[in-house]
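Order of the sequence lines fixes the chain letters, A, B, ..., with proteins taken first and strands second; residue numbering starts at 1 for each chain.
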2 protein chains.
Amino acid sequence: MNKEEILIIDDEPQIRKLLEINLESQGYKVKQAETATMGLQLAANHPPDLILLDIGLPDINGQDLLVELKNWYNQSIIIISVLDNEEEIVRALDNGASDYITKPFRTNELLARIRACLNRNRIEDNKTVLTSTDLQIDLLARTVTRDNENVKLTLTEYKLLVLFAKNEGRVLTHQFILKEIWGVGFQTDTQYLRVFVGTLRKKIEQNPNKPVHIITESGVGYRFI
Amino acid sequence: MNKEEILIIDDEPQIRKLLEINLESQGYKVKQAETATMGLQLAANHPPDLILLDIGLPDINGQDLLVELKNWYNQSIIIISVLDNEEEIVRALDNGASDYITKPFRTNELLARIRACLNRNRIEDNKTVLTSTDLQIDLLARTVTRDNENVKLTLTEYKLLVLFAKNEGRVLTHQFILKEIWGVGFQTDTQYLRVFVGTLRKKIEQNPNKPVHIITESGVGYRFI
DNA sequence: CTAAATATTTACAACTTCTTTATAAGAATC
DNA sequence: GATTCTTATAAAGAAGTTGTAAATATTTAG
């Protein structure tokens, strides 16, 4: 197998060095960027398998960079943040970060996270069919079947279902879903989401009044099972 | 492993001697300070792994010293106080002390507390999954399971549980919890807390009448185990 | 260009969660 | 052991969130 490539975007040289040594010893290929601009460039030139992004960069707001990257980069981004900035971490996760780690971190912990993310990517990338007990989503054919019956979904409904299925078991916040499906700027239109969750439930749930797949997490978002 | 260092700040020589003997016999390295000034100095020079602070010092108010230390020292501080100065203990915990013990104390009790604190320090703040025997909290997925069964928590219940779990073993005062969950200005609404601790117990305890996870510390707050 | 399909918006009903009050149960103190 | 203080529980009301239907707008396909 080819060496997996990891891009580090961090302005602190010591941290980059520390990460470089550890990651290379694990057999990863490492690229480094000191600034957001440079990071974007490197990532665009030759997309890495994973990005480690320090959210507290000097030249640009890390959250903005994250949003920018997420526009086209669909592998994992793990953000590095200083401790005690819960709010920033939550925001980063909303913006599509896969995981986070706070400084100072233990290398073993970080390596475990990286392995987990890369694993997840490998699975997600290769899977063209997502299945659960009664549902089946074929990503290539763009078809959904329930109990072997074809289910007709509109584009938005389909996108929503795929997003749910790819994040099975995880609570997705309204904000996150809105951003993923409708794009940045629609984060307050939670009513869209309600309508579409409603129609989706009618199509994929046995009993739309007692949903078993799309679970409401009041005040937070939805969870797909 | 290196010897762990404990700094004792206490004006009574007998107590210092007693602690020194006991702690050294457990393999800790012990430093002593007779006054607050000296304690601060020693701590700043070479930060110990844990501080034992007698809150009733002669030269400075112990609470002030605690606040001072907490500004930059982020390991555990265990305070020693005379019995029946509940108010002072509560104030110290509010000020960020990790635990307390009242004079006269049993050495075994103190040693246990010290071990617990040092352990907690070692635990990374980075964990995205918090586990105990029967409970499991996944911070990324925002899910809680008990004996592998999913537990459905409301937003506030979840926040409360996470706060408890992140401060496992530590006494959290009512004030502190109220401030963390509801924000500044709710510190007097202890009734909220009672209600929510009640519902949480119903959901996570085997027997809510005999809670083993959320322990009441009468007059002070709660302790999560 | 028109009809059909899909998306957005509005209005309101249904439901969940939070707050408050009342009261019971339990501890601590005298 | 009675009194007082603290904590627990239940339940009602208020506030906030979510769900549904239907009207309107927009897009798509023929």
Side-chain angles (χ1 to χ4, degrees), chain A residues 142 144 150-161 163-164 171-178 180-183 185-205 207-224, chain B residues 83-87 89-90 93 102 142 144 151-161 164 171-175 177-178 180-183 185-205 207-224:
Chain A
R142 217 217 83 124
V144 176
N150 203 57
V151 180
K152 194 167 164 11
L153 296 181
T154 72
L155 182 62
T156 314
E157 288 162 3
Y158 176 75
K159 277 200 221 160
L160 190 57
L161 179 60
L163 180 66
F164 276 136
V171 177
L172 303 180
T173 62
H174 301 128
Q175 305 229 337
F176 176 79
I177 301 171
L178 285 162
E180 288 291 310
I181 306 292
W182 281 271
F186 286 78
Q187 279 101 347
T188 50
D189 290 307
T190 42
Q191 184 52 26
Y192 287 14
L193 198 48
R194 291 202 197 104
V195 173
F196 277 90
V197 165
T199 61
L200 241 189
R201 276 183 179 147
K202 263 190 220 136
K203 291 181 181 181
I204 65 165
E205 299 279 2
N207 178 359
N209 293 57
K210 287 192 135 208
V212 295
H213 285 116
I214 305 176
I215 307 297
T216 303
E217 297 280 342
S218 195
V220 187
Y222 296 94
R223 192 151 53 94
F224 185 79
Chain B
L83 196 66
D84 54 83
N85 204 338
E86 198 92 332
E87 199 206 316
I89 292 169
V90 173
L93 291 169
T102 52
R142 214 194 153 279
V144 177
V151 180
K152 196 164 171 11
L153 298 180
T154 71
L155 188 60
T156 313
E157 289 162 3
Y158 176 77
K159 278 198 215 160
L160 189 57
L161 179 61
F164 275 135
V171 182
L172 302 179
T173 64
H174 301 129
Q175 304 234 336
I177 300 171
L178 285 162
E180 289 290 312
I181 306 290
W182 281 270
F186 287 77
Q187 277 100 341
T188 50
D189 290 306
T190 42
Q191 184 52 24
Y192 285 14
L193 198 48
R194 299 216 182 92
V195 173
F196 277 91
V197 165
T199 61
L200 242 189
R201 276 182 178 150
K202 263 190 219 135
K203 290 182 181 182
I204 65 165
E205 300 279 3
N207 179 357
N209 293 58
K210 288 191 134 206
V212 295
H213 284 116
I214 305 175
I215 307 298
T216 302
E217 296 278 340
S218 197
V220 184
Y222 296 94
R223 188 195 292 261
F224 185 79

Enquirer: How close do L163(A) and E180(A) get, heavy atom to heavy atom, and via which atoms?
Expert: CD2-CB, 3.8 Å

Enquirer: Tell me the interatomic distance from K203(A), atom NZ, to dT20(D), atom C1', rounded to whole angstroms.
Expert: 15 Å

Enquirer: So, does N207(A) use its side chain to make a donor-acceptor pair with the main chain of N209(A) at under 3.5 Å?
Expert: yes

Enquirer: Round to the nearest Å and state the distance from L160(A) atom CG to dA7(C) atom P.
Expert: 11 Å

Enquirer: Could you check how far NZ of K210(B) sits from C1' of dA25(C), rounded to whole Å?
Expert: 16 Å

Enquirer: Could you state the CG-P distance from L178(B) to dC18(C), rounded to the nearest angstrom?
Expert: 14 Å

Enquirer: Ignoring hydrogens and geometry, is there a side-chain-to-backbone donor-acceptor pair from R223(A) to L172(A) under 3.5 Å?
Expert: no

Enquirer: Taking only side-chain nitrogens and oxygens of Y192(B), does any of them come within less than 4.0 Å of OP1 or OP2 of dT20(C)?
Expert: yes

Enquirer: Between R194(B) and T216(B), do the side chains contain an N or O donor and an N or O acceptor separated by less than 3.5 Å?
Expert: no

Enquirer: Any N/O pairs under 3.5 Å between the protein and nucleotides 6-16 of chain D? List them or say none.
Expert:
residue	atom	partner	partner atom	Å
dT7(D)	OP1	G219(B)	N	2.5
dT7(D)	OP2	R194(B)	NH2	3.2
dA8(D)	OP1	R201(B)	NH1	2.8
dA8(D)	OP1	T216(B)	OG1	2.6
dA8(D)	OP2	Y222(B)	OH	2.7
dT9(D)	O4	Q191(B)	NE2	2.6
dA10(D)	OP2	K202(B)	NZ	3.3

Enquirer: Does the side chain of K152(A) get closer than 4.0 angstrom to OP1 or OP2 of dT6(C) through an N or O atom?
Expert: yes

Enquirer: Anything under 30° is parallel, anything over 60° is perpendicular, the rest tilted; go ahead and classify W182(A) against F196(A).
Expert: perpendicular

Enquirer: Do the side-chain N or O atoms of W182(B) get closer than 4.0 angstrom to the phosphate oxygens (OP1, OP2) of dT19(C)?
Expert: yes

Enquirer: Using 30° and 60° as the class boundaries, would you call the ring planes of Y192(B) and F186(B) parallel, tilted or perpendicular?
Expert: tilted

Enquirer: Expressed as a whole number of angstroms, how long is the span from E157(B):CD to dT19(C):C1'?
Expert: 14 Å

Enquirer: In whole Å, what is the span from the CG atom of L155(A) to the C1' atom of dT26(D)?
Expert: 15 Å

Enquirer: Between H174(B) and T190(B), what is the shortest heavy-atom contact and its length?
Expert: CB-CG2, 3.6 Å

Enquirer: Describe the nucleic acid contact of T190(B) in one word from base, sugar-phosphate, nothing, applying a heavy-atom distance below 4.0 Å.
Expert: nothing

Enquirer: L200(A) CG to dA7(C) P: how many Å, rounded?
Expert: 11 Å

Enquirer: Figure out the CG/C1' separation between L153(B) and dC18(C), and round it to whole Å.
Expert: 15 Å

